[in-house]
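Data block below; observations after.
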Amino acid sequence: KDQVTFDTVFPPSFLSLGHIFKAIRIHQWAKNALVFVPVVTAHQLFHFKSVGLSLLAFLAFSFCASATYIINDALDLAADRKHRTKRFRPFASGKVSLHQGFMLILLLAFATLLICTQMPALFNVALMTYTVVTLLYSFLLKQIASGRFVMIGNGLNIKSMAYVENVAAFISYTLNFNSGLHLYNY
């Protein structure tokens with residue numbers, strides 16, 4: 001039988017909202033505000049459907065990213081506990097247990113999937129691609145020296161373009177393209 005050894009045993013602790021916010025890295029959600037750019041630039045701030053879909057896109061990306069942050073933290077747990085600053089992160093410090101992290105992942109994934117049922121297909125493809133690339137980074141690409149550059153380049157482009165299907169028709173209509181010009185969805 002294989003034996004498991006533990007470097008550190010943490011006593012059970014109370015899971016506070018502050019610990020949850022740190023674990024899901026809520027401060028990172030700000031970059032997901034990129035999905036509001038098309039609504040703002042298309043002057044659709046008072047168009048309920050556009051703002052609503054943008055809000056759902058923001059939440060879907062935020063919940064999904066938070067779930068992948070937790071997965072990444074769980075995979076890096078041993079190294080994070082030895083790191084000068086990362087040892088203070090919720091999982092490395094023992095303030096949030098892996099079991100609690102797993103429950104958060106399930107909750108965030110369920111919320112993301114629920115939102116995706118209300119979103120256009122192109123958005124769901126973009127979110128799925130972002131998730132696959134992020135998980136590839138966590139499980140594989142960070143082992144490669146250039147992995148961070150691949151993640152940054154692909155992740156941000158996918159996020160910033162995720163809402164394009166929702167506003168493409170409006171932009172096309174607003175700009176009244178001549179017959180020789182076309183707007184393409186990527």
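Distance check, rounded to the nearest 0.5 Å: NE2 of His19 to OG of Ser97 gives 12.0 Å. To the nearest 0.5 Å, atoms OG (Ser54) and NE2 (His47) are separated by 11.0 Å. If you take CZ on Arg25 and CZ on Arg89, they are separated by 4.0 Å, rounding to the nearest 0.5 Å. The distance from atom CZ of Arg81 to atom CZ of Arg87, rounded to the nearest 0.5 Å, is 13.0 Å. Considering NE2 of His27 and NZ of Lys22, their distance stands at 10.5 Å, rounded to 0.5 Å.
When every heavy atom of Ala67 is checked against every heavy atom of Leu108, the shortest pair comes out as N-CD1, 3.7 Å. Closest of all the heavy-atom pairs between Leu56 and Ile115 is O-CG2, 3.4 Å. Heavy-atom minimum distance, Val51 versus Gln44: CG2-O, 3.5 Å. Taking each heavy atom of Ser138 and Asn72 in turn, the nearest pair found is OG-OD1, 3.2 Å. The nearest pair of heavy atoms linking Val39 to Ser50 is CG2-O, 3.7 Å. Among all heavy-atom pairs drawn from Asp80 and Ala92, the shortest one is CB-CB, 3.9 Å.
Counting only heavy atoms from C-beta outward, the side chains of Leu106 and Phe110 never approach each other to under 4.5 Å. Within the 4.5 Å cutoff, no side-chain heavy atoms of Thr117 are placed close to those of Leu113.
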- Message: Please evaluate residues Ser66 and Ile26 with respect to the criterion side chain to side chain contact (heavy atoms under 4.5 Å, CB included), reporting the C-alpha separation (whole Å), side-chain torsions for both, the decisive distance (0.1 Å), and the verdict.
- Response: CA-CA 8 Å; Ser66 290; Ile26 201 165; over 6 Å; no

- Item | Chi angles and distances behind the side chain to side chain contact (heavy atoms under 4.5 Å, CB included) call for Ile70, Ile24 | CA-CA 7 Å; Ile70 294 170; Ile24 66 173; 4.0 Å; yes

- Message: Applying side chain to side chain contact (heavy atoms under 4.5 Å, CB included) to Phe61 and Thr112, what does each step give before you reach the verdict?
- Response: CA-CA 8 Å; Phe61 264 118; Thr112 302; over 6 Å; no

- Decide side chain to side chain contact (heavy atoms under 4.5 Å, CB included) for Gln100 and Leu104; before the verdict, give the C-alpha distance in whole Å, the side-chain angles of both, and the deciding distance to 0.1 Å. CA-CA 6 Å; Gln100 292 165 330; Leu104 283 171; 5.5 Å; no

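At a threshold of 4.5 Å between side-chain heavy atoms, the hydrophobic network of Ile, Leu, Val, Met, Phe, Trp and Tyr places Leu114 and Leu53 in two separate groups. In this structure, Leu17 is a member of the same hydrophobic cluster as Val96, with clusters built from ILVMFWY side-chain heavy atoms closer than 4.5 Å.
The ring of Trp29 has its center no closer than 6.0 angstrom to the ring center of Phe21. Residues Tyr130 and Phe123 keep their aromatic ring centres 6.0 Å or farther apart.
Looking at residues two or more places apart in sequence or on another chain, you find a side-chain contact (heavy atoms from CB on, under 4.5 Å) between Leu55 and Phe36, Leu59.
Checked for salt-bridge contact, Lys86 and Asp73 miss the test: no charged N lies under 4.0 Å from a carboxylate O.
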